[in-house]
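Within every chain, numbering begins at 1; the chains are lettered A, B, ... in the order of the sequence lines, protein sequences first and strands thereafter. Side-chain atoms are counted along with the backbone in the values below, which use heavy atoms only and exclude waters and symmetry mates.
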Amino acid sequence: METAVEKTIIKVGLASCGIAAGAQEVYDRLEAYLAENPLPVQLKQTACIGMCFEEPVVELSGMPQGTITLGKVDADNIIPLINEYIQGGTPASHVILAENCDAPRNELLASQQRIVLSNCGVIDPTSLEDYESQGGYQALRKALAMTPEDIISVVKDAGLRGRGGAGFSTGVKWSFARVAPGDKKYVVCNADEGDPGAFMDRSVLEGDPHKIIEGMIIGALAIGADEGYIYCRAEYPLAVHHLNIAIQSATAKNYLGQDILGSGFNFSLKVKEGAGAFVCGEETALMHSIEGKRGMPTIRPPYPSESGLWELPTNINNVETWANIAWILLHGAEEFRKMGTKDSPGTKVFALAGKVAGSGLIEVPMGINIRDIIYKVGGGMKSALPFKAVQLGGPSGGCIPESLLDTLVDYESINATGAIMGSGGIVVMDTGTCIVDVARYFLNFTQNESCGKCTFCRLGTLRMLEILTRITQGKGEMEDLQRLEDLAMNINKSSLCGLGQSAPNPVLTTLRYFRDEYIAHIEEKRCPAKVCSALLSYRIVEDKCIGCTLCARVCPVNCISGSVKNPHVIDQELCIRCGECFKACKFDAIVRE
Amino acid sequence: MHKDHVNLDALMYKYRDQKGALIPLLQEVQDLEGYLNPDTMRYISAKLDIPVAEIYGVATFYSMFRLKPQGKHIIRICKGTACHVSDVDAIKTALMDYLKLGQGEDTTQDFRFTLVEVACLGCCSLAPVIMIDDHTYGKLTPDAIAGILDKYAY
């Protein structure tokens, strides 16, 4: 008994999402309990395993019943749960994953293939030793014995494509920076994950920072850079914190710094925090921001590989791309190509959110179809309402309807739908979501985030937003649909950077697949999803109203009249359609139409 | 001239050898003073020989910078996609009601709270989400707002 207990390890998932769900309180409670009751148990922290819908998550290991993961724990129930485990039991009520027996989420994890996320939720991200214990920095040792050209060949042969969205060949990009003339070169990691609805990069930065750092060191070695920057958005304080710890410990062990591991190669790395500007995810804007300027895009060419940071050759890749490098170097191009499709090899990390049951982070091989992502890996719909659309690629992407759910996840297939792979945000929507409202939401976002440099992006998106707002208010006309399409084309053609070029995508895809819904708003003045408040009306059903007067009391404009125990009536002229009465009624006597 | 010269000078000294340090410098100045006031920006401009227009340009470009005094606690409302489809607007209304903020106002009269909208806090599975200072609150309902804000004294 004693010896078995000694090995028990408790890992609490302390990523941002876990902390928001109360994981810090769980950790603190455990720490306090173990201080009072000195059990031979080791308490550790880890990051996010990806099952955000089960947060807070705690993993227990070391006992004969094997490793188990508990979900939805809290500070009150955690102590009995760990005691049950230590005594040889398996607390069935909270087990989500189990090594040696069936558990509700075993299949979700088994349906994934984890390269980028392999350590997330497994290791303590603040511990270099933990990373090394998983084979960390072995790829760097291997790369140091190779020529830069050989490293680039491996990445090229692997067929790795930029995971930031555009899908350009990483190896080819590196070779451009390699051959660019100049002694001083930079590598940059784009960690300015701004797409609303996407949090893949955050999880990797928080959960496995050394993997990104190792990838960047190898990249720097390949192109001949001696300095690097990780540009991380300031809304991710924990990611910045973990990156700084990782850089410090990697420097102390000479994975970074001068004469790395005695190879003669020098490389130093800094974290640059963003200051809140979506457009800084665009590579030229990002580099201006690192230089301390307004983050406004500039025209390409020259490409960053020739003239980037401070006009010197620069290679810039996204977080997930960098996180693939060490694996590729260690296992070889051929192994990498065994996953995914011929033109899009490897895996892709997606952030599942919205009305899907298993919201969180998943990593799946390319070539899987979207239906499987939602219904198998994501566990299907969360709400009782049926599926309506899935939004891919954030504000630059589009909405895909049910009929296209069998689309394969690879760059070309997704582009063909009008959406884009993007960085990997997937937001699932049910029939309670208004498509026109979603399009308006994205336009509002891009309009706010337009840097203002190009007229069509600055003003064209505003005009589109005005039209969409008009439609959601029931003031649209059929000609508006043509106007939206014309503006969309012009904005796409006349904008300098990706933000403007892709800003109309959410509108174009919804017009293509959900045109009926636009028409319902315009011609019938009706919002099928019952979201657009200006198009709704509220009515009291006489038979159901018992005259409790609650609705009359909550109505902010006093437009509901009636006496106690008698059916009430809403004055439609005065009603502002706020919906308060609808929410308040306990007898389902108020209908929304 | 400015009352906090010593602190400002120390910050500028700290960043003296770093390339492209204007943004982190302004971030620290804002942490120190709560916001970027015009006098401070002029002082930095004169000291570092950067045109004041350039400093103002940077300060107005990024959403993290504030040009007005702000409340003691910052409430960030997530306007990400997942929060939007989870009706974060109802949370915003509840916050505005509790804080007695009118349209266009973002800071309470007693400077206890400032309310800002942010693009996405990256906790989409807990939508709708807000962040108060460094603490994130997820799976919110309008009813939960009062209980949370009461914890933040002036």
Side-chain angles (χ1 to χ4, degrees), chain A residues 16-17 19-21 51-53 55 193-199 201-203 233-237 239 272-278 280 289-296 309-310 351-355 358-361 391 394-395 425 427 429-430 432-433 437-438 441-442 444-445 448-449 451, chain B residues 15 18-28 30 48 50 53-66 76 78-90 93 97 116-127 129-131 133-140 142-143:
Chain A
S16 295
C17 41
I19 292 172
M51 303 202 173
C52 306
F53 60 106
E55 295 281 7
E193 180 176 58
D195 282 7
F199 49 98
D201 294 351
R202 173 181 66 72
S203 294
R233 69 195 286 250
E235 287 88 343
Y236 290 172
K272 275 270 182 182
E273 274 183 64
F278 175 68
C280 288
S289 184
I290 292 179
E291 292 169 4
K293 300 177 191 152
R294 285 165 73 92
M296 291 169 88
L309 262 184
W310 290 287
L352 278 177
K355 303 294 167 71
S359 58
L361 222 58
Q391 212 282 343
V427 181
M429 297 166 187
D430 61 24
T433 310
D437 176 66
V438 167
Y441 162 80
F442 281 115
N444 184 40
F445 178 84
N448 271 326
E449 295 293 342
C451 79
Chain B
Y15 285 106
Q18 290 190 26
K19 289 175 290 185
L22 183 59
I23 293 171
L25 172 68
L26 292 180
Q27 273 165 337
E28 285 208 43
Q30 175 164 289
L48 298 183
I50 300 173
E54 196 177 315
I55 296 179
Y56 185 74
V58 166
T60 50
F61 186 83
Y62 296 99
S63 62
M64 299 286 276
F65 293 122
R66 295 189 51 87
R76 294 186 169 85
C78 181
K79 296 290 279 180
T81 321
C83 287
H84 179 76
V85 299
S86 305
D87 203 9
V88 78
D89 285 339
T93 309
D97 286 349
V116 293
E117 291 185 353
V118 295
C120 184
L121 291 169
C123 294
C124 308
S125 48
L126 300 170
V129 176
I130 64 168
M131 191 172 181
D133 299 334
D134 278 340
H135 196 96
T136 312
Y137 297 89
K139 295 188 179 163
L140 290 171
D143 300 338

Ignoring hydrogens and angles, tell me if any N or O in the side chain of [X] forms a donor-acceptor pair with the backbone of [Y] under 3.5 Å.
X      : Y      : answer
A/R294 : B/V58  : no
B/S125 : A/A353 : no
B/Y137 : A/A21  : no
B/Y62  : A/G274 : no
A/K355 : B/S86  : no

Structural part of [X] lying under 4.5 Å from a heavy atom of chain B:
X      : answer
A/T433 : side chain
A/S203 : neither
A/F445 : side chain
A/D201 : neither

Checklist entry - Of all heavy-atom pairs between A/A234 and B/M64, which one has the smallest distance, and what is that distance? => result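 A/A234 and B/M64 have their closest heavy atoms at CB-CE, 3.5 Å.
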Checklist entry - Which answer fits B/A119, side chain, backbone, both or neither, if we ask what part of it has an atom under 4.5 Å from a heavy atom of chain A? => result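 It is both, since atoms from each part get that close.
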Checklist entry - Taking atom OH of B/Y56 as the centre, does the number of heavy atoms from other residues, nucleotides or ligands within less than 6.0 Å exceed 12? => result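 No, because the 6.0 Å sphere around OH of B/Y56 holds 12 heavy atoms or fewer from other groups.
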Checklist entry - If you look only at pairs with a residue in residues 54-66 of chain B, which of them pass as a salt bridge (charged side-chain N to carboxylate O under 4.0 Å, His left out), with sequence neighbours excluded? => result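 Counting only pairs at least two positions apart or across chains, the salt bridge (charged side-chain N to carboxylate O under 4.0 Å, His left out) contacts touching residues 54-66 of chain B are B/R66-B/D106.
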Checklist entry - Less than 4.5 Å apart, any side-chain heavy atom of A/C17 and any of B/L126? => result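 They are in side-chain contact.
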Checklist entry - If you measure from CG on B/L121 to CZ on A/R233, what distance do you get to the nearest 0.5 Å? => result 7.5 Å
Checklist entry - Residues two or more places apart in sequence or in another chain: which of them pass salt bridge (charged side-chain N to carboxylate O under 4.0 Å, His left out) with B/K139? => result none
